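I have a structure I would like to understand better, so I am pasting it below and will then ask my questions one at a time.
In what follows, residues are counted from 1 in the order of the sequence shown. What you see is a predicted model, and the numbers here were worked out from it, not measured in a lab.
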Amino acid sequence: MSEPQTTAEDVDFEEMYQGKSPLGTRIPWDTKEPQPGVIALEASGQFAGEVADLGCGPGDNAIFLASRGHRVTGLDGAPSAIEQARARASAKGVEVGFAVADATKLDGYEDRFDTVLDSALYHCFTEEVRHTYVEALTRATKPGARLHMFCFTDAIPAGVPVPFLISERNLRETVGRSWEITRLEQASYRTAFTLDMLHEASRAVLGTDADPATIAALDIDERGNLVLPVWQLTARRP
């Protein structure tokens, strides 16, 4: 696994959702819409039964899945994220169960879920905690359950202030030890990060503006937001 650009321990997610980070009320992953990869998975019938969205944040993926008729529980460790998710679901008239929970334990959710979505959570953990997280996933799911994961790859350019970068080997050894990986490929993750936000975050985390070479290596969508490379993994619990 590549060295982290910053660590999850450096990030207080509750403070971020309260607007107390150096970026103020702007949250880099809050696009206010479901991820395109999640939309594509749902369209191809990849969500079934009782669905968990772990690290759900403000809830847009969970709300989308519930709007498509799925029974969804969105879990996040930040109470303010859950408050925002409930408000968004209510505003859209969509019924979703949201709750504060530690994804590395998932106490009270044993043997419950048929499908799990992890959209940008796994890469927030240290390697030791990743193993604990995978163990919790196994306890919280039924035999034959399906896991869909999106996590940052080690192809992200140096200088982008993100949590841990994940190698293919890491996923095969850490997730693949307990789950049967059926899909593992490069994909894209849409962020709410603009170049201005990148410079602000880089100054806050690294003490300097983002390097021009870093910027040149990044993909930017039609709205001026960064699109980062991720691994898209699907795995089955034996």
query: When you measure from the side chain of Arg237 to the backbone N and O of Thr138, does any donor-acceptor pair fall under 3.5 Å?
result: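 It does hold such a pair.
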
query: Are any of the side-chain nitrogens in Glu173 or Arg177 under 4.0 Å away from the carboxylate oxygens of its partner?
result: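 No, no charged N to carboxylate O under 4.0 Å.
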
query: Under 3.5 Å, is there a donor-acceptor pair between the Glu50 and His70 side chains?
result: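 No pair is found: no donor N or O on one side chain lies under 3.5 Å from an acceptor on the other.
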
field: Within-4.5 Å side-chain heavy-atom neighbours: Phe150 and Leu233
entry: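 Not in contact.
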
- prompt: Looking only at atom types and distance, does a side-chain atom of Trp231 sit under 3.5 Å from a main-chain N or O of Ile166, one as donor and one as acceptor?
  reply: yes

Note, Glu42 side chain near Leu65 side chain (heavy atom, < 4.5 Å):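 They are in contact (side-chain heavy atoms under 4.5 Å apart), so the answer is yes.
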
message: Looking at Leu41, is its backbone amide N or carbonyl O close enough to the side chain of Ser44 to form a donor-acceptor pair, meaning the two atoms are under 3.5 Å apart?
response: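 Confirmed, Ser44 side chain pairs with Leu41 backbone.
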
- request: For residues Ile181 and Arg183, determine if any side-chain heavy atom of one lies less than 4.5 Å from a side-chain heavy atom of the other.
  value: no

message: Contact between Leu75 and Cys56 at the side-chain level, heavy atoms closer than 4.5 Å - yes or no?
response: no

field: Student check: side-chain heavy atoms of Phe98 and Asp53 closer than 4.5 Å
entry: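 When only atoms from C-beta onward are counted, Asp53 and Phe98 do not touch, as no gap falls below 4.5 Å.
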
query: Given Tyr133 and Phe125, is the ring pair (Phe, Tyr, Trp, His ring centres under 6.0 Å) satisfied, shown in steps?
result: CA-CA 9 Å; Tyr133 171 57; Phe125 300 133; 5.1 Å; yes

- prompt: Going hydrophobic residue to hydrophobic residue with side-chain gaps under 4.5 angstrom, can you get from Val160 over to Val227?
  reply: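 No: no chain of side-chain contacts under 4.5 Å links Val160 to Val227.
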
query: So which of Ile63, Val96, Val94 actually passes side chain to side chain contact (heavy atoms under 4.5 Å, CB included) with Arg88?
result: Ile63

- request: Show the numbers, then the answer: is there a side-chain contact (heavy atoms from CB on, under 4.5 Å) between Asp60 and Asp30?
  value: CA-CA 9 Å; Asp60 296 297; Asp30 184 10; 3.7 Å; yes

- request: Give the intermediate values and the outcome of salt bridge (Lys or Arg N to Asp or Glu O under 4.0 Å) for residues Asp114 and Lys142.
  value: CA-CA 6 Å; Asp114 302 284; Lys142 301 173 185 176; 3.5 Å; yes

query: Between Asp76 and Gly57, is there a donor-acceptor pair closer than 3.5 Å when you use the side chain of the first and the backbone of the second?
result: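 Between the backbone of Gly57 and the side chain of Asp76 there is a qualifying donor-acceptor contact (under 3.5 Å).
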
task: Using a 4.5 Å cut-off on heavy atoms from C-beta on, say whether the side chain of Pro163 contacts that of Phe152.
output: yes

task: Would you kindly say whether Thr104 and Asp102 are connected by a side-chain donor-acceptor distance under 3.5 Å?
output: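 Checked: Thr104/Asp102 side chains pair up, N/O donor to acceptor below 3.5 Å.
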
task: State yes or no: do Ile39 and Tyr189 share one hydrophobic cluster built from I, L, V, M, F, W and Y residues joined by side-chain heavy-atom distances below 4.5 Å, directly or via other members?
output: yes

field: Test ring pair (Phe, Tyr, Trp, His ring centres under 6.0 Å) applied to His148 - qualifying residues, sequence neighbours left out
entry: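 Partners of His148 by the ring pair (Phe, Tyr, Trp, His ring centres under 6.0 Å) criterion, ordered by chain and then number, come out as Phe47.
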
query: Pick from Gln84, Lys32, Glu83: which one makes a side chain to side chain contact (heavy atoms under 4.5 Å, CB included) with Pro58?
result: Gln84

message: A side-chain contact here means heavy atoms from C-beta on lying under 4.5 Å apart; do Val175 and Leu147 qualify?
response: yes

Within 45° cone of Tyr122 ring axis and under 6.0 Å: Arg130 NZ or CZ: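 The answer is yes, since Arg130 meets both limits relative to Tyr122.
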
message: Show, in sequence, the C-alpha distance, side-chain angles and deciding distance for Asn225 and Thr194, and conclude whether the side-chain contact (heavy atoms from CB on, under 4.5 Å) test is met.
response: CA-CA 5 Å; Asn225 294 338; Thr194 64; 3.4 Å; yes

- prompt: So, the side chain of Asp154 versus the backbone of Leu165: is there a donor-acceptor pair under 3.5 Å, distance only?
  reply: no

- prompt: Under 6.0 Å between the ring centres of Phe164 and His123?
  reply: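 Ring centres of His123 and Phe164 not closer than 6.0 Å.
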
task: Report the C-alpha distance between Phe13 and Trp29 in whole Å, list the side-chain angles of each, state the deciding distance to 0.1 Å, and finish with yes or no for ring pair (Phe, Tyr, Trp, His ring centres under 6.0 Å).
output: CA-CA 12 Å; Phe13 292 101; Trp29 54 86; 5.8 Å; yes

message: Side chains of Ser178 and Glu135: any donor to acceptor distance under 3.5 Å?
response: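 No donor-acceptor contact under 3.5 Å links the two side chains.
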
Worked check of side-chain contact (heavy atoms from CB on, under 4.5 Å) between Ser119 and Asn61: CA-CA 8 Å; Ser119 180; Asn61 288 322; 3.6 Å; yes

Stepwise salt bridge (Lys or Arg N to Asp or Glu O under 4.0 Å) test for Lys20 and Glu14: CA-CA 9 Å; Lys20 297 178 181 178; Glu14 175 62 11; over 6 Å; no

task: Output yes when a side-chain donor or acceptor of Thr182 lies under 3.5 Å from a complementary backbone atom of Thr234, and no otherwise.
output: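 Checking the backbone N and O of Thr234 against the side chain of Thr182, a donor-acceptor pair under 3.5 Å is found.
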
Exam field: side chain Glu180 to backbone Pro238, donor-acceptor pair closer than 3.5 Å: no

message: The test is side-chain contact (heavy atoms from CB on, under 4.5 Å); show your working for Gln232 and Leu184 and say whether it passes.
response: CA-CA 6 Å; Gln232 180 172 352; Leu184 182 55; over 6 Å; no

message: Whether the side chain of Thr115 engages the backbone of Arg146 through a donor-acceptor N/O pair (distance < 3.5 Å, no angle test) should be reported.
response: no

query: With a 4.5 Å heavy-atom cut-off, do Leu117 and Val38 have their side chains touching?
result: yes

message: Under a plain distance cut-off of 3.5 Å, with no hydrogens placed, do Asn170 and Glu127 share a side-chain donor-acceptor pair?
response: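 The criterion, which ignores hydrogens and geometry beyond distance, is satisfied for Asn170 and Glu127.
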
Check: Arg139 side chain, Leu106 main-chain N or O, donor-acceptor pair, under 3.5 Å: no

- request: State the CG-CG distance between Leu54 and Leu121, to the nearest 0.5 angstrom.
  value: 6.5 Å

field: Ser90 side chain to Ala87 backbone, donor-acceptor under 3.5 Å
entry: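 The answer is no, because no donor-acceptor pair under 3.5 Å joins these two groups.
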
